[in-house]
2 protein chains.
Amino acid sequence: MGNERIIGATGLEQETGLGKDLLRKWRARYGFPIPEYVREQGGWLYTDQQITQLRLIRRLLDGGFRPGQIVGAPTEHLTALLASLPCGGEICCERPVIEELIELLASNAIEALDERLERERRKCSAREFVIDLLAPLTTAVGDAWAAGKLAIYQEHLCSSLLMARLNEELRGLQAQPNYPRIIFATPGEETHVLGLLMARVVLADSGAECLDLGAQVPAEELNQAAQACRADMVALSFSFAYPRRKVRPELLRLRHLLPASVAIWAGGKGVEAIRRPPAGVSLFSDLGRAAEMLHELAGVRS
Amino acid sequence: MGNERIIGATGLEQETGLGKDLLRKWRARYGFPIPEYVREQGGWLYTDQQITQLRLIRRLLDGGFRPGQIVGAPTEHLTALLASLPCGGEICCERPVIEELIELLASNAIEALDERLERERRKCSAREFVIDLLAPLTTAVGDAWAAGKLAIYQEHLCSSLLMARLNEELRGLQAQPNYPRIIFATPGEETHVLGLLMARVVLADSGAECLDLGAQVPAEELNQAAQACRADMVALSFSFAYPRRKVRPELLRLRHLLPASVAIWAGGKGVEAIRRPPAGVSLFSDLGRAAEMLHELAGVRS
DNA sequence: ATAATGCATTTGTCCGTGACAAAGAAGTGA
DNA sequence: TCACTTCTTTGTCACGGACAAATGCATTAT
């Protein structure tokens with residue numbers, strides 16, 4: 001296992017969420033990161049060091065730092081800054097279960113992980129299972145990856161496992177009268193579906209009728225679908241990776257397209273930082289609150 | 001409903017699978033497509049006409065035409081060429097069931113569609129269900145979309161429905177002794193997971209132990225996962241949208257990384273055009289054949 | 001003192017161009 | 001007919017410039 005990894009600029013984009021153009025600009029402006037070109041492989045060679053730094057930078061940017069302050073900085077400096085951030089370097093494990101689960105994942109004990117989840121599932125309702133266990137678990141897994149405790153493939157493995165579970169939960173849930181018909185989708189550039197699925201389980205469990213359009217649905221298509229299916233609501237999920245500045249315009253455009261009778265709910269890590277929602281759009285950073293809102297809404301209707 | 005649609009270049013990329021850079025080059029080389037810049041929307045305005053042409057061009061390219069012959073051509077010319085293609089403009093509906101299902105989808109009768117699938121499901125084994133119904137249905141839906149008979153959102157809706165179904169099928173399938181442990185994933189830039197899921201159901205139904213890594217797994221991670229989980233095989237799915245030229249290099253790189261004891265199987269529309277597979281890689285355009293191979297392999301082992 | 005406004009700077013994305021390598025086509029000789 | 005070599009087409013990347021949105025800072029008004 002060498003301490004250098006060849007990754008095409010596009011591959012690096014996958015890992016860090018930092019675009020090709022942006023990395024080029026950084027290289028020009030701050031002199032970092034400068035990869036080495038390897039002829040025989042036909043690709044750029046980034047050192048592990050550089051990749052680590054880029055990951056740290058990504059997290060610091062999310063934490064509010066500006067690129068000019070951190071992009072050229074040495075690793076120690078970055079880690080120091082990260083530690084100074086509230087909830088920065090630490091993995092938030094409020095519940096010991098979650099730590100256990102992550103340990104299992106780290107040691108590739110997939111079957112054991114699945115069984116452990118099954119046991120936890122029996123202890124509570126579907127809603128609690130998702131809100132109090134799976135959601136925190138997902139963010140904890142993300143943190144553990146960023147901290148280098150998990151490999152990406154383990155995160156993927158976990159996602160896949162959770163998605164299968166969530167799909168199971170969805171079975172047999174019946175829509176209740178007076179509860180809205182909701183279309184779930186992920187906006188334009190968002191590929192992460194796990195959060196969306198969790199939301200679907202929670203709201204379906206609460207009695208809503210749910211239709212899923214999956215990932216990367218353009219606003220125009222969403223509008224068509226909402227009208228064709230006579231939906232009462234559109235639910236969107238923005239992950240942490242969604243470019244912040246694009247959230248509001250996307251929501252505004254959708255609000256402009258959709259008839260006023262169709263509500264728009266948006267959730268996920270990507271909208272937590274948004275202060276005031278655009279008019280006619282509801283933001284949720286908490287699935288529990290969304291479920292409450294749903295019940296209120298249905299109560300008014302009946 | 002206007003006859004013009006605003007789509008950012010990136011949005012168009014979604015719809016047609018044609019990258020931003022490529023469209024720019026085409027515009028410079030062939031004078032097409034030239035969108036109009038709209039200041040107040042801050043985006044490029046592509047006419048429906050242009051989008052239709054681009055879709056047709058996409059299909060013609062898949063059919064073997066070269067860009068220089070078709071990129072500037074008028075719509076009628078393109079449709080004529082498409083009709084001249086074997087199985088070109090037609091939707092291949094070998095089985096009338098599929099046509100029925102598509103009709104249901106076109107009229108947004110999702111529940112009815114689901115019930116119809118359920119009825120078909122009872123008639124046959126899981127394996128036949130996937131191979132003889134779902135797989136053809138998926139390609140038929142793609143064709144219907146390309147022909148303008150379905151909107152994208154309907155395709156998405158169908159995908160989501162099928163994925164839920166397939167996940168159900170997966171439940172309760174037990175791995176059999178002597179059958180390999182397989183890791184499923186989608187390579188670097190591939191986001192389509194439906195084909196992968198179908199393959200997983202077929203092979204799991206045949207007795208393999210399946211682990212899913214989901215979409216967009218870089219070769220390095222795949223290697224790590226394969227070694228950590230002691231997998232016997234890696235199964236990849238390339239959709240029609242995967243850039244042809246990248247298939248072979250990706251497979252070669254993976255073959256180079258993985259230990260020789262780990263088999264590589266690749267399938268999907270994206271590999272059908274590949275004539276000879278790289279050494280040490282098996283290509284499948286047919287899930288049935290893959291299942292047969294699996295049984296042979298297990299027979300040898302036992 | 002606080003909030004609000006206007007100006008300067010930072011920063012991410014897109015564009016047009018040129019370079020280049022891989023794939024395809026065409027030509028050549030056995 | 002097949003293998004091999006040129007020539008052409010074609011997709012992707014790098015580069016530098018341009019630009020708009022976001023941010024920071026200073027000034028003013030309440």
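A, B, ... follow the sequence lines: proteins, then strands. Residue 1 opens every chain.
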Handout entry: Residue list, side-chain contact (heavy atoms from CB on, under 4.5 Å) with A:V281, at least two apart or on another chain
Key = A:L251, A:R255, A:I264, A:P278, A:L283
Exercise for the section: May I ask you to evaluate whether B:W26 reaches the phosphate of D:dT10, defined as a side-chain N or O under 4.0 Å from OP1 or OP2? Expected result: no
Practice task
Assign each of A:Q69 and A:D21 to its nearest nucleotide of DNA chain C by heavy atoms, then name whichever residue's nucleotide is nearer the 5' end.
Solution key: A:Q69
Problem - Distance, rounded to the nearest Å, where B:L22 contributes CG and C:dC15 contributes P - result: 14 Å
Handout entry: Minimum side-chain heavy-atom gap B:T191-B:T186 below 4.5 Å
Key = no
Practice task
Mind checking A:Y30 for me? I need base, sugar-phosphate or nothing, with any heavy atom below 4.0 Å counting as a touch.
Solution key: sugar-phosphate
Handout entry: First encountered from the 5' end of DNA chain D, between A:G64 and B:L61
Key = B:L61
Practice task
State whether A:R66 places a side-chain N or O below 4.0 Å from either non-bridging phosphate oxygen (OP1 or OP2) of C:dT10.
Solution key: no
Fill in the blank from the handout: Separation of D:dG11 atom P from B:R58 atom CZ, nearest Å, is 11 Å
Practice task
Could you tell me if the ring centre of A:F32 sits under 6.0 Å from that of A:W26?
Solution key: no
Exercise for the section: For residues A:S159 and A:L194, determine if any side-chain heavy atom of one lies less than 4.5 Å from a side-chain heavy atom of the other. Expected result: yes
Handout entry: Side-chain N or O of A:R24 closer than 4.0 Å to phosphate OP1/OP2 of D:dC13
Key = no
Problem - Nearest-angstrom distance from the residue atom CG of B:L23 to P of D:dT10 - result: 15 Å
Handout entry: Protein-nucleotide distance (B:K25, atom NZ; C:dC14, atom P), rounded to Å
Key = 17 Å
Exercise for the section: Select from A:R29 and B:G68 the residue whose nearest nucleotide in DNA chain D is closer to the 5' end of that strand. Expected result: B:G68
Exercise for the section: Please report, rounded to the nearest Å, how far the C1' atom of C:dA25 is from the CZ atom of B:F65. Expected result: 16 Å
Practice task
Using only side-chain N and O atoms of A:K20, determine if any of them is under 4.0 Å from OP1 or OP2 of D:dC13.
Solution key: yes
Exercise for the section: Go through C:dC15, D:dA14, C:dT13 for me and flag the one nearest to the B:W44 side chain. Expected result: C:dC15
Practice task
Report the residues that fulfil ring pair (Phe, Tyr, Trp, His ring centres under 6.0 Å) with B:F65, sequence neighbours left out, ordered by chain and then residue number.
Solution key: none
